[in-house]
Amino acid sequence: MGFKVEVGLVHSGAEQNSGSYQLVIAGGGPAALSAAIYAARYGIEHVVLESWKPGGQAALTAEIENYPGFSSIAGSDLTNAMKKQAIEAGAVFRMETVESATEVNGKILVKTDSAEYMGDYLIIATGAAPATLGVPGESKYYGRGVSFCATCDAPFFRNKRAIVVGGGDSAVKEALHLTHVVSQLGLVHRRNKLRAEPYLAKKLVEHEKVTTYWNSHLTEVIGDEQGVTGVILDTPEGRKHIDTDGVFLYVGTVPATEPFASLVELDREKAVVTRNIVGTSNPRVFAAGDVTNNGFRQVVTAVSEGARASAAVFDLLENEE
Ligand code: NAP
């Protein structure tokens, strides 16, 4: 099943990648990779637009301990294995960032930073990006002590002090990762209860290197020409200045839906509103993983949704024939 027609779309960039496909998959994380594996195995003519962060957020997770089959695996090892499997199945990847997606003559026109693709169907699996606090010093010291990725930046903080902000799975997992290298770790959370998996939360708060700041807000990042030197916290005891070399922010995520805003219904948090798990308000568009409002944001659910989305497209293509 499946055919591919190269069309001469008007575009001033690198047109050699442009073309028409039965399915365009936007994203490069577990949901997109699983959709790619299933699309390739179903024989659907497809292209995967994976942007510049292959593996998505999962690839930036130091250790994944709840993906069935692996009691512990580095996130990048898991997503690399998924991509290898997708390529072996025949999946076609392009390292391009989707900039817009619109409906044109009953098809989906996807424009990237360097090409244009026409898809009979689209799967949105672009995941979510880290949210920011918007406090003074946060953007100024980004890359100079402020980080959204402990897995990537932990080696820079060997025997130094760090602060982690947030109380979810990302904050706790990445804070635990940091305990292996830093000398002291402060955990700042706006409530007095972590929402992370209790097993890991307990391990973190009982760690000898960790000091907790409950019911506290980070209000400013302080630094000098070398980078971060401290933070200001608003705590129940009042304003506190804490010396630190690094600030790791895990205060939630923002779904990467901007290019799709006019194509499908989004909720207040800008997540794609789904119907029957992977359907959207547009019958030619499906969505999978952290970009959706499905709630439970895990690798295991992302891969399941990616598979379902490609299966749904396969059924529709079969019925069209
Ligand atoms: P999250 O679950 O949304 O947690 C965000 C944390 O940041 C919450 O503790 C929240 O506080 C806090 N927060 C939000 N806005 C804040 C603000 N303006 N100021 C201070 N604190 C703020 O995000 P996440 O930890 O990145 O996880 C995202 C999803 O991925 C979740 O579904 C998570 O389960 C999943 N995930 C799973 C794993 C895994 O291995 N199982 C690993 C990473 C992520 P409150 O608690 O008060 O709301």
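Both ligands and their constituent atoms are indexed starting at 1 by order of listing.
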Would you mind telling me if ligand 1 is within reach of the side chain of Leu133, the backbone, both or neither, using heavy atoms under 4.0 Å? side chain

Considering only protein heavy atoms, which is closest to atom 26 (O) of ligand 1, and at what distance to one decimal place? Ser170 OG, 2.8 Å

For the residue pair Phe248 and Phe157, does the interplanar ring angle fall in the parallel (under 30°), tilted (30 to 60°) or perpendicular (over 60°) class? perpendicular

Side chain or backbone, does Gly167 bring an N or O within less than 3.5 Å of an N or O on ligand 1? yes

Take a 6.0 Å sphere around CD of Glu103 and say whether it holds more than 12 heavy atoms from other residues, nucleotides or ligands. yes

Residues passing the salt bridge (charged side-chain N to carboxylate O under 4.0 Å, His left out) test with Glu225, sequence neighbours excluded, are none

Looking at Thr61 and Glu63, would you say the former's side chain and the latter's main chain have a donor-acceptor pair under 3.5 Å? no

Is there a nitrogen or oxygen of His217 sitting under 3.5 Å from a nitrogen or oxygen of ligand 1? no

Side chain, backbone, both or neither: Tyr250 near ligand 1, heavy atoms under 4.0 Å: backbone

Show me which atoms of ligand 1 lie under 4.0 Å from any heavy atom of Gln298. 34 (O), 35 (C), 37 (C), 39 (C), 41 (N)

contact_flag His189 ligand 1 heavy-atom lt 4.0 Å: yes

Return the residue, atom name and 0.1 Å-rounded distance of the protein heavy atom closest to atom 32 (O) of ligand 1. Arg297 CB, 3.3 Å

Ligand 1 versus Asn66: contacting region, heavy-atom distance under 4.0 Å: side chain

Can you find an N or O of Gly168 that's nearer than 3.5 Å to an N or O of ligand 1? yes

Just list the side-chain donor-acceptor pairs under 3.5 Å for residues 236-243, sequence neighbours left out, or say none.
| unit_1 | atom_1 | unit_2 | atom_2 | d |
| --- | --- | --- | --- | --- |
| Glu237 | OE1 | Thr235 | OG1 | 3.4 |
| Glu237 | OE1 | Lys240 | NZ | 3.3 |

